[in-house]
Amino acid sequence: MLNRVHIKDIVSEDGKQILIKSSIQTIREQGKIVFLILRDISGICQAIVKEGSSEFDCAKRLTIESAVEISGIVKTTKNTEKGYEILVEGIKILNESATPLPIPVVEKGDIVTTEKRQDNRFLIWRREKESLILKIVSQLDSSYRNFLLGENFIEIHTPKLMPSPSESSAELFELEYFDRTAYLAQSPQLYKQMAISSGLERVFEVGPVFRAEKSQTNRHATEFVSYDVEMGYIDNFEEVLVMLENLVKSILESINERYSEEIKLHYGVENFTFSSKIPRLTMAEAKSILKERGLDISDDDLSTAEEKAIGDYVKEKYDHDFVFITDYPTSCRPFYHKRKNDDITASSDLIYKGVEIVTTAQREENYETLLEQLNDKGLEQKPMQWYLDFFKYGCPPHGGWGFGASRLIMNLLGLESIRDVSFLYRSPTRLTP
RNA sequence: GGAGUUGUAGCUCAGUUGGUUUAGAGCGUCCGCCUGUCACGCGGAAGGUCGCGGGUUCGAGUCCCGUCAAUUCCGCCA
């Protein structure tokens with residue numbers, strides 16, 4: 001029995017016996033010869049069955065997207081792009097596909113609507129172009145992890161069931177927890193700060209977070225994966241920004257190294273890494289630039305339109321896709337952000353192609369100050385006391401971030417919605433499949 | 001939370017100021033033909049309670065009201 005070979009590993013060597021396990025992507029029947037396009041996770045190739053072959057009738061009865069095991073020999077040819085095709089000797093149907101498909105796996109001009117793409121996730125990921133997204137996300141995961149492990153971070157896993165809110169602003173999912181109420185974590189924020197107080201010095205987490213916001217946009221989900229970091233014993237906020245910049249750079253380089261060709265082929269995107277430093281603007285600077293450019297600007301936070309405009313400005317002026325907006329007003333930041341003064345926090349958003357992808361800040365580690373800031377935001381002390389206690393016993397100065405990596409991938413590939421980057425997307429109106 | 005748009009065949013969409021018996025097209029599916037296809041080609045067939053409920057009218061896919069679903073933008077955020 002031959003060992004299975006992945007399609008991308010087939011060597012164009014005349015007469016070599018091979019075994020492929022794949023889906024049948026296309027069947028082109030042509031009288032006395034049947035052309036099959038086979039697809040596995042690594043790629044596609046052509047196989048042929050001629051009249052007279054014992055499998056000729058079987059080949060004609062196949063349905064597209066059936067799972068099969070194909071044995072045959074490699075035959076070099078000028079008739080295919082790859083320079084070879086498989087002369088089929090045996091077909092074993094592992095599982096037949098029903099017809100017709102609810103949505104086409106291979107599109108012929110018409111683009112399946114967003115709704116159908118979500119309804120039929122299992123077929124969407126069969127597409128080469130789409131499965132590349134998951135490969136890129138996986139590459140991002142591993143480079144995120146490798147980079148931070150290399151910087152002596154410890155990976156932790158915090159609970160997603162919580163006794164009280166983890167952020168003040170966003171809406172919470174409530175659930176029955178035996179005889180009381182629990183909440184789904186909106187962020188690992190409070191727990192990763194506990195890890196700093198615990199003396200772990202540098203921690204990170206990649207995990208799901210939940211937001212009960214009825215946001216109907218192309219970049220929000222009610223459940224998404226947050227890429228978090230918290231680093232202790234920092235001398236200043238600058239250290240956090242530098243760490244983040246180097247990390248993002250390293251992620252893009254690793255994606256580029258492994259998938260640049262496929263990304264160019266399927267998405268037409270090139271040169272997405274960067275070498276020059278990420279430009280920085282304070283919030284006040286950003287606002288005044290926007291004002292000069294004639295935008296009707298708002299008072300505190302950047303609106304969606306303003307973020308876009310700043311992205312365009314930075315692209316024009318610095319030829320950079322990224323920009324740090326620093327010195328956010330205290331009014332639009334949570335109570336635990338460290339304040340430079342009454343009005344301004346030591347915090348920043350990283351904007352990529354005009355979209356917010358990371359929020360980062362130094363945290364307030366002094367118990368008394370933290371308490372004041374909590375009161376200042378009109379929050380109750382009692383339900384948060386378990387958290388406040390972390391800071392009573394010598395918690396080191398620290399800072400970190402929450403990174404929405406799917407937004408990075410979405411904008412990197414020029415996709416229209418975060419739905420298309422999500423293995424399964426969750427929104428206020430989408431809970432299936 | 002606010003504003004808009006769209007629901008017609010498995011998919012993507014036409015469907016005129018309401019008016020022809022059987023609501024169309026392309027793709028897909030099924031059947032037949034084809035020895036080099038590669039969006040194969042050619043011939044044929046099946047496939048629809050026009051999202052759902054009410055109303056106006058001699059007559060509604062088309063107009064009105066309600067409802068459900070999806071979707072886009074804003075706000076909020078990652």
Side-chain angles (χ1 to χ4, degrees), chain A residues 25-37 44-53 56 60-61 63-65 75 77-82 85 87 97-120 123 167-171 186-189 206 208-228 298 300-308 328 332-334 349-352 355-360 401-411 416-419 421-422 427-430 432:
Chain A
Q25 178 165 289
T26 305
I27 302 166
R28 278 190 281 269
E29 214 187 304
Q30 236 230 295
K32 295 180 178 170
I33 182 165
V34 178
F35 296 92
L36 304 173
I37 306 299
I44 60 172
C45 72
Q46 175 168 291
I48 60 166
V49 191
K50 291 185 175 176
E51 191 180 37
S53 158
F56 187 64
K60 290 207 284 189
R61 282 199 315 273
T63 56
I64 57 168
E65 291 306 319
K75 189 167 157 282
T77 173
K78 284 176 183 169
N79 289 330
T80 67
E81 232 174 78
K82 301 197 172 193
E85 63 192 1
L87 196 56
S97 171
T99 60
L101 296 165
I103 60 165
V105 170
V106 178
E107 280 175 339
K108 294 189 176 175
D110 296 325
I111 309 292
V112 174
T113 53
T114 305
E115 185 184 5
K116 301 284 189 221
R117 286 205 300 275
Q118 290 306 314
D119 287 340
N120 297 283
L123 289 176
E167 305 257 358
S168 55
S169 51
E171 304 257 339
Q186 299 160 308
S187 153
Q189 183 58 37
V206 176
V209 295
F210 307 88
R211 311 254 167 116
E213 291 282 353
K214 287 192 175 173
S215 298
Q216 289 287 10
T217 76
N218 67 338
R219 62 194 183 284
H220 285 84
T222 48
E223 176 180 351
F224 65 95
V225 178
S226 181
Y227 293 67
D228 274 83
S298 58
D300 36 48
D301 206 350
L302 289 175
S303 70
T304 303
E306 289 168 359
E307 276 177 7
K308 278 200 185 90
Y328 269 70
C332 53
R333 290 307 209 195
D349 275 6
L350 179 59
I351 291 179
Y352 176 54
V355 177
E356 187 179 329
I357 63 166
V358 185
T359 294
T360 175
W401 64 72
F403 172 19
S406 42
R407 286 188 177 178
L408 176 77
I409 302 301
M410 164 190 165
N411 288 295
E416 280 177 14
S417 172
I418 202 164
R419 292 164 177 76
V421 189
S422 311
S427 79
T429 54
R430 167 70 64 177
T432 51

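Values reported hereafter were calculated over all heavy atoms of this structure, with side chains retained and with hydrogens, waters and symmetry mates removed. What you see is a predicted model; the values in this text were computed from it and never measured. In what follows, every chain begins at residue 1, and chains take the letters A, B, ... in the order their sequences are listed.
Across the C1' atoms, B:rA23 and B:rU16 are found 15 Å apart, a figure rounded to whole Å. Comparing B:rC50 with B:rA45, their C1' atoms are spaced 23 Å from each other, to the whole Å. With both ends at atom C1', the span from B:rG53 to B:rA9 equals 23 Å, rounded to whole Å. Separation of the P atoms belonging to B:rG55 and B:rC74 is 41 Å when rounded to the nearest angstrom. Spacing of P atoms, B:rU72 relative to B:rC27, comes out at 29 Å, to the nearest Å. Comparing the same atom, P, in B:rA3 and in B:rU67 gives a spacing of 14 Å after rounding to whole Å.
Rounded to a whole Å, the CZ atom of A:Arg333 is 13 Å from the C1' atom of B:rC76. For A:Trp401 and B:rA78, the CH2 to C1' distance is 14 Å, given to the nearest whole Å. In this structure, A:Phe210 places its CZ atom 16 Å from C1' of B:rC77, rounding to the nearest Å. Atom CD1 of A:Ile27 and atom C1' of B:rC27 are 17 Å apart (whole Å). Computed from coordinates, the A:Glu306 CD to B:rG75 C1' distance equals 13 Å when rounded to whole Å. Taking atom CG of A:Asp228 as the reference point, atom P of B:rA78 lies 10 Å away to the nearest angstrom. Look at CD on A:Glu107: it is 14 Å from C1' on B:rC13, rounded to the nearest Å. Here the C1' atom of nucleotide B:rG28 and the CG atom of A:Leu123 are 13 Å apart, to the nearest Å.
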Atom pairs, N/O to N/O, protein against nucleotides 70-73 of chain B, distance under 3.5 Å?
unit_1 : atom_1 : unit_2   : atom_2 : d
B:rA70 : OP1    : A:Thr429 : O      : 2.6
B:rA70 : O2'    : A:Glu115 : OE1    : 3.2
B:rU72 : OP2    : A:Arg419 : NH2    : 2.9

Nucleotide N/O to protein N/O under 3.5 Å, stretch nucleotides 7-10 of chain B:
unit_1 : atom_1 : unit_2   : atom_2 : d
B:rG10 : O2'    : A:Leu101 : O      : 3.2
B:rG10 : O2'    : A:Pro102 : O      : 2.7

Under 3.5 Å between N/O atoms: give me all the protein pairs with nucleotides 33-37 of chain B, atom names plus distance.
unit_1 : atom_1 : unit_2  : atom_2 : d
B:rC34 : N3     : A:Gly31 : N      : 3.2
B:rC34 : N4     : A:Gly31 : N      : 3.4
B:rU35 : OP2    : A:Lys32 : N      : 3.2
B:rG36 : O6     : A:Lys50 : NZ     : 3.4
B:rG36 : N1     : A:Glu85 : OE2    : 2.7
B:rG36 : N2     : A:Glu85 : OE1    : 2.5
B:rG36 : N2     : A:Glu85 : OE2    : 3.2
B:rG36 : N3     : A:Asn79 : ND2    : 3.3
B:rU37 : O4'    : A:Gln30 : OE1    : 3.1
B:rU37 : O2     : A:Arg28 : NE     : 3.2
B:rU37 : N3     : A:Gln46 : OE1    : 2.9
B:rU37 : N3     : A:Gln46 : NE2    : 3.3
B:rU37 : O4     : A:Gln46 : OE1    : 3.3
B:rU37 : O4     : A:Gln46 : NE2    : 2.8
B:rU37 : O4     : A:Asn79 : O      : 3.4

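Side chains of A:Ser422 and A:Gln118 form no contact here, defined as non-hydrogen atoms less than 4.5 Å apart.
A donor-acceptor pair is defined here as one N or O able to donate and one able to accept, closer than 3.5 Å; no such pair exists between the side chain of A:Thr63 and the backbone of A:Ala98.
Comparing atom distances between the A:Thr99 side chain and each of B:rU12, B:rA78, B:rU29 picks out B:rU29 as nearest. Side-chain atoms of A:Glu356 lie closest to B:rC77 of the nucleotides B:rG28, B:rC77, B:rG26.
When the nearest nucleotides of RNA chain B are assigned to A:Leu350 and A:Gly109 by heavy-atom distance, the more 5′-ward of the two goes with A:Gly109. For the pair A:Ile111 and A:Lys78, both in contact range of RNA chain B, the more 5′-proximal nearest nucleotide belongs to A:Ile111.
In this structure, A:Val355 reaches neither bases nor backbone, as no heavy-atom distance under 4.0 Å exists between it and the strands shown. Note on A:Ala405: nothing from the nucleic acid sits closer than 4.0 angstrom, heavy atoms only. Nucleic acid contact class of A:Asp301 (heavy atoms, under 4.0 Å, all strands): sugar-phosphate only.
The heavy-atom pair separating A:Met410 from A:Ile418 by the smallest distance is SD-N, 3.5 Å.
If you take CD on A:Glu356 and CD on A:Glu307, they are separated by 5.0 Å, rounding to the nearest 0.5 Å.
In this structure A:Arg219 satisfies the salt bridge (charged side-chain N to carboxylate O under 4.0 Å, His left out) test with no other residue, sequence neighbours excluded.
Of the residues listed (A:Ile351, A:Asp349, A:Leu350, A:Leu408), the one engaging A:Val358 in a side chain to side chain contact (heavy atoms under 4.5 Å, CB included) is A:Leu350, and it is the only one. Residue A:His220 is tested with A:Thr222, A:Asn218, A:Thr217 for a side chain to side chain donor-acceptor pair (under 3.5 Å); the sole match is A:Thr217.
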Summarise how protein sits on nucleotides 44-53 of chain B as a single string, 5' to 3': B when a protein heavy atom is under 4.0 Å from the base, S for sugar-phosphate-only contact, - for no contact.
----------
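Between the side chain of A:Arg117 and the base of B:rC11, no donor-acceptor pair of N or O atoms lies under 3.5 Å. Judged by distance alone, with hydrogens and angles left aside, A:Ser215 brings no side-chain donor or acceptor close enough to the base of B:rC77 to form a pair under 3.5 Å.
With respect to the salt-bridge test (charged N to carboxylate O, under 4.0 angstrom), the residues A:Arg333 and A:Asp301 do not qualify.
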Pairing annotation in dot-bracket form, given for RNA chain B with Watson-Crick or G-U pairs under 3.5 Å and | for cross-strand partners
(((((((..((((.....[....)))).(((((.......))))).....(((((..]....))))))))))))....
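Note on A:Lys108: a side-chain N or O is less than 4.0 Å away from OP1 or OP2 of B:rG28.
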